[in-house]
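Data block below; observations after.
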Amino acid sequence: MPEISSLHIYNSLTRKKEVFAPLNPPFVGLYVCGPTVYSDVHLGNVRSFLTFDVVYRYLTYLGYNVRYVRNITDVGHLLDDSDEGEDKIEKRARLEKIEPMEIVQKYTNGFHSTVNQFNLIPPSIEPTATGHILEQIEMIQRIISNGYGYEINGSVYFDVKKYAEKHNYGELSGRKLDELLEQTREELAGGDEKRFFADFAIWKKASDDTIMKWDSPWGIGVPGWHLECSVMSTKYLGQEFDIHGGGMDLKFPHHECEIAQSIGADGISPVKYWMHGNMLTVNGTKMSKSLGNSFLPEELISGDHPLLEKGYSPMTVRFFFLQANYKSTVDFSNEALQAAEKGLKRLMDAIKKLDEIVSSESSSIDVDSLIKKCTKSMNDDFNTPVTIAHLFDGVKLINSIHHFQEINKKDQKKLRDHYHTFVFDILGLKEENIETSNDELPNELMELIINLRNQSKENKDWGTADLIRDELKKLNISIKDNKDSSTWNYEE
RNA sequence: GGUUCCGUGGCCGAGUGGCUAGGCAGUGCUCUGCAAAAGCAUCUACAUCAGUUCGAAUCUGAUCGGAACCUCCA
């Protein structure tokens, strides 16, 4: 393995790790497919957005000026592509008996509060499909005028067969049209108005009772789902931009269609690096709402779900995800979550210790080497599990200070900065103990209690000392005795 | 059926030819009034079979098992 001194990204398009070279440094364009806001996001969705949160954070750390665009799909995501295809949001609105835009607002709010809990940084721009109807109509017109779209009965379809004459439809997902053709699945047997089964709607005629619909050169309708990402990425990041991310399950057809649309409209393959995050599984199968094996974030935190033995904090979950490679599936399990919970505590405790350590004259810890290792692993396609392993190696060193290791003031500061940068800024973890009040009173009270307890200890009144510790434990406060002092902390 | 990927110790999870992952759990010891934390030491591995090689978790082939996608999906 060659020394990795610069960022390498696994590009789904070429199926290789490539050196990351932005199109217009120091600027980087990052587009991530956001949620369709027709229901609550579940933990699998969170994992995907988390992956790109770390990508964004690390690119920023490297000094790039990143414009991060993550859309909200608030119209046009049909249940299927057939003539009766119904908009997911409309359907939900009918079920909940409220306006479609109320659905959109409700679940957008929910999405924001969820990703906020997991400490995801908001994108630079969060555009919505309904806010870009005009641009979508314009793109459809470009596609039609280039001969890659056709209108039938007020709907417009992308002409995949025509496109495939000159271009490689399937280059991203590794599919070949003739192989697709050989498929015998009944659902593909057609019977709808498309000329070719692989054609996809870029404008869909709306029925009379549809609420969200717009006028267009082809009549009243809604834009096709794949189109919005092409339009909004082009608008905010340009016809060609650096990184496009999304879940593995969007690779085909969604991202494949995006490429076709951009080439069809503007003749340019839009994305230099495609990144795909893998799925969260439960007992080996993909977490999805339809299978009923998904958790909502509230259920996860409260532990109120048949598959959960207890609740897990958002940072525990974040850490759990980061301990696996984003390209691998992660299987949910209580045991693994509990291991992550303890590991995270160990990491966080060491960082705290770093502030309290009394420094020595000399230093036996090679801080530069540790920093280099962490950078190297992150440069290797955002390898967070290996980075975390390096950080744990450092934890061992930190815990050995005053035993086998010593550290001077300069290194102490450097090490502290390193941990703060990597753990808080890049991995995006944070302290999440009980809400800290500005009030000094708890600290003063605890100081008082600890002093009283220490007096009992000096008098060898172990009964009282243990009673205080036990009673505090019931209040979720833990006391730890060190050689000369005692410390206290809130327990989870 | 097609395409792609995966199978590592009790659990999770890195690792692409030789040398250490890491976390959690276990065992022994040190420290401690006890406990907790921490440190030191230590035990469980590379699905199966065959091949290439001086040497294979890593490369090749076969077998078994699992997953994702194949127009709802993050």
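Judged as a salt bridge (charged side-chain N to carboxylate O under 4.0 Å, His left out), and not counting sequence neighbours, the contacts of R94(A) are E86(A). Among residues two or more places apart in sequence or in another chain, the side-chain contact (heavy atoms from CB on, under 4.5 Å) test is passed with I449(A) by M446(A), I468(A), L472(A). Evaluation of the salt bridge (charged side-chain N to carboxylate O under 4.0 Å, His left out) rule for K342(A) yields no partner, not counting sequence neighbours. In terms of the side chain to side chain donor-acceptor pair (under 3.5 Å) criterion, N451(A) has no residue partners (sequence neighbours excluded). By the salt bridge (charged side-chain N to carboxylate O under 4.0 Å, His left out) test, K162(A) pairs with no residue at all, sequence neighbours left out. Looking at residues two or more places apart in sequence or on another chain, you find no side chain to side chain donor-acceptor pair (under 3.5 Å) involving T108(A). With sequence neighbours left out, E406(A) forms a side chain to side chain donor-acceptor pair (under 3.5 Å) with S362(A). Residues meeting the salt bridge (charged side-chain N to carboxylate O under 4.0 Å, His left out) test with E18(A), sequence neighbours left out: none. For S478(A), the side chain to side chain donor-acceptor pair (under 3.5 Å) test picks out E491(A), with sequence neighbours left out.
Closest approach to the A198(A) side chain among rG22(B), rA74(B), rU71(B) is made by rU71(B) (side chain taken as heavy atoms from C-beta onward). Residue P385(A) places its side chain closer to rG13(B) than to any other of rA74(B), rG13(B), rG2(B). With rU71(B), rC69(B), rG33(B) as the candidates, the nucleotide lying closest to the side chain of K457(A) is rG33(B). Nearest to the side-chain atoms of V386(A) among the listed nucleotides rA74(B), rA14(B), rC70(B) stands rA14(B).
Put simply, N383(A) has a side-chain N or O that comes within less than 4.0 Å of OP1 or OP2 on rG15(B). The phosphate of rA14(B) has OP1 or OP2 within less than 4.0 Å of a side-chain N or O from S328(A).
No side-chain donor from either of E90(A) and Y38(A) sits under 3.5 Å from a side-chain acceptor of the other.
Distance noted for atom C1' between rG18(B) and rC59(B): 14 Å (whole Å).
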* **For RNA chain B, the dot-bracket pattern of Watson-Crick and G-U pairs whose distances stay under 3.5 Å, | for other-strand partners** => (((((((..(((.....[...))).(((((.......)))))....(((((..]....))))))))))))....
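Taking 4.5 Å as the limit, some side-chain heavy atom of W274(A) sits within range of a side-chain heavy atom of H255(A).
Within residues 466-474 of chain A, the residues approached by RNA chain B to less than 4.0 Å at the level of any non-hydrogen atom are D466(A), R469(A), in residue-number order.
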Extract from the structure each pairing of a protein N or O with an N or O of nucleotides 23-29 of chain B at less than 3.5 Å, listing the distance.
{"from": "rA25(B)", "atom 1": "OP1", "to": "K342(A)", "atom 2": "NZ", "distance (Å)": "3.2"}

